[in-house]
Amino acid sequence: DVDLDGSFTGEADLIRFDRGAFRPVGSGELALVGARLARYRIREDGPKLQIEFTPEPLPKRARGPLLHALLMLNHWRNGVALAPKLLDLGASRACQLHVDYWARNGYSGHDEDPSMPGYTQEGHDAGLASTCSPGGAPSTVIQWVTATILHRQTALGTADRGLGIGLGQGCCILGGRPAVSGRRHPLVVPAAGQTGVPLILQKESPDSDRVPDLYDAPRGYPVSVTLGRDIHQMENVSLRLYEFGKEPKEVPGFEFTPEKPYSSSLSKNGSSAHFVARQPLARRTIYLASFGADRAGAPIEFAWYFRTR
């Protein structure tokens with residue numbers, strides 16, 4: 001009951017499931033309960049509060065590796081205050097067309113050549129919008145994606161767009177893009193109050209031309225703030241990290257913002273600000289992340305805590 005109005009179902013109120021982070025309450029939304037998906041509804045009867053769950057069936061044609069990847073993604077999303085996703089068989093079909101193109105022509109990342117056998121417009125479009133990997137199980141790719149700077153957005157897509165997965169000589173995962181319009185709370189990773197946060201950044205392509213040696217040594221798990229178009233109307237964007245204690249200690253690292261993008265070829269920087277510590281994050285440590293910016297001359301500031309595994 002964030003607004004202390006006596007009701008737990010208002011627009012400002014929050015809810016969490018298992019050990020996940022608090023997210024906005026929504027009647028009839030999806031929740032991850034253990035290893036199962038369910039739709040929940042909150043009923044208030046005077047001072048009594050009851051949450052009802054209705055199991056959400058999964059597609060009968062879904063294979064084991066797809067369901068394992070979906071479960072891993074949804075566990076991660078639960079930890080960062082996002083509703084879980086369903087498996088989208090239509091998006092999975094498009095991803096599979098892109099993977100089948102690789103089987104005939106060799107791995108080509110996001111691209112398809114219209115002159116090559118196996119080309120389809122549907123597979124081509126899925127490839128351009130997906131995270132692609134030349135190998136590894138889908139669950140392994142999900143684990144990698146969530147610890148990157150740019151490709152993490154695959155895991156941050158809205159819950160109303162399901163997850164598409166293609167398998168074969170590589171893996172293609174289509175998760176959509178983050179939607180932050182209308183959110184009352186910033187989309188931050190790690191989430192406020194999250195525990196068990198990983199320690200290390202994972203390498204991705206393209207390399208950062210602003211910090212060419214970024215992947216020459218192990219770095220800290222990336223901290224990010226995604227604000228959509230709003231961030232492009234801000235100036236002096238900064239994201240800092242501190243080890244929490246009696247006297248917070250600032251953590252040295254690298255900032256990537258629309259003003260100082262990860263790569264000159266990605267000037268919008270994913271509509272996000274990112275911070276990567278120079279060294280891996282310390283185990284079982286509480287960190288304070290602090291975001292600041294100026295918008296139309298007015299300062300915007302917020303901070304949150306998280307704890308590593």
Side-chain angles (χ1 to χ4, degrees), residues 21 72-73 76-77 79-80 109 131-136 139-156 173 175 178 186-227 231 237-245 248-293 303-309:
M72 177 169 285
L73 173 67
W76 185 83
R77 286 174 63 89
V80 298
T131 287
C132 300
S133 172
S139 57
T140 302
V141 176
I142 292 291
Q143 192 173 26
W144 162 71
V145 159
T146 55
T148 62
I149 298 172
L150 301 176
H151 285 80
R152 176 187 275 171
Q153 292 208 347
T154 295
L156 296 175
I173 298 178
L187 177 51
V188 299
V189 181
Q194 185 176 350
T195 60
V197 173
L199 310 178
I200 297 176
L201 168 73
Q202 294 293 326
K203 178 177 171 55
E204 64 184 321
S205 294
D207 289 337
S208 172
D209 55 13
R210 198 174 73 79
V211 185
D213 62 348
L214 181 64
Y215 299 113
D216 289 353
R219 310 293 188 187
Y221 188 77
V223 178
S224 64
V225 176
T226 299
L227 294 171
I231 201 169
V237 176
S238 69
L239 180 57
R240 306 290 175 84
L241 190 65
Y242 302 85
E243 283 192 31
F244 183 70
K249 178 182 177 183
E250 185 168 358
V251 176
F254 310 100
E255 285 183 275
F256 302 103
T257 70
E259 296 169 303
K260 299 177 290 184
Y262 171 91
S263 170
S264 57
S265 64
L266 302 166
S267 59
K268 293 185 178 180
N269 209 54
S271 298
S272 304
H274 308 276
F275 179 89
V276 175
R278 286 185 176 273
Q279 301 292 331
L281 301 185
R283 291 185 179 276
R284 299 175 183 174
T285 299
I286 297 176
Y287 286 93
L288 168 66
S290 175
F291 176 87
W304 73 101
Y305 298 92
F306 62 87
R307 186 178 188 272
T308 54
R309 60 177 51 157

Taking atom [atom1] of [X] and atom [atom2] of [Y], what is their separation to the nearest 0.5 Å?
X	Y	atom1	atom2	result
R309	T195	CZ	OG1	10.5 Å
E250	L241	CD	CG	8.5 Å
T154	L73	OG1	CG	9.5 Å
T285	E243	OG1	CD	5.5 Å
S224	L150	OG	CG	10.5 Å

Looking at side-chain heavy atoms only, is the closest gap between [X] and [Y] below 4.5 Å?
X	Y	result
P222	R152	yes
F306	L281	yes
I149	E204	yes
D207	L214	no
R307	Y287	no
L266	P261	no
L288	W304	no
L239	S290	no

> Are V223 and H274 close enough, and set up right, to give a side chain to side chain contact (heavy atoms under 4.5 Å, CB included), and what steps lead you there?
Replying inline: CA-CA 6 Å; V223 178; H274 308 276; over 6 Å; no

> Quick one: does T148's side chain have a donor or acceptor within less than 3.5 Å of a partner on T146's backbone?
Replying inline: no

> Hey, does the side chain of Q194 reach the backbone of A191 with a donor-acceptor pair shorter than 3.5 angstrom?
Replying inline: yes

> Which is it for Q153 and S272 under the side chain to side chain contact (heavy atoms under 4.5 Å, CB included) test, yes or no, and what are the steps along the way?
Replying inline: CA-CA 10 Å; Q153 292 208 347; S272 304; 3.5 Å; yes

> Which side chain to side chain donor-acceptor pair (under 3.5 Å) pairs, counting each pair once, include a residue from residues 252-266, with sequence neighbours left out?
Replying inline: D209-S264, Y215-Y262, R240-E255, S263-S265

>> Run the side chain to side chain contact (heavy atoms under 4.5 Å, CB included) test on R278 and R219 for me, step by step, so that the C-alpha distance in whole Å, both residues' side-chain angles and the decisive distance to 0.1 Å come before the verdict.
In response: CA-CA 5 Å; R278 286 185 176 273; R219 310 293 188 187; 4.3 Å; yes

Nearest heavy atoms of [X] and [Y], plus distance in Å:
X	Y	value
A21	G79	CB-O, 3.4 Å
A192	V188	N-CG2, 4.1 Å
P198	T308	O-CG2, 4.4 Å
F291	A273	CE1-CB, 4.1 Å
W144	K203	NE1-O, 2.8 Å
V197	P190	CG1-CG, 3.5 Å

>> For W76, give me all partners under side-chain hydrogen bond (donor to acceptor under 3.5 Å, both in side chains), at least two apart in sequence or on another chain.
In response: Y221

>> For Y305 and F244, I'd like to know if the aromatic rings sit close, meaning centre-to-centre distance below 6.0 Å.
In response: yes

>> Run V189 and L156 through side chain to side chain contact (heavy atoms under 4.5 Å, CB included) and show every step you take.
In response: CA-CA 10 Å; V189 181; L156 296 175; 4.0 Å; yes

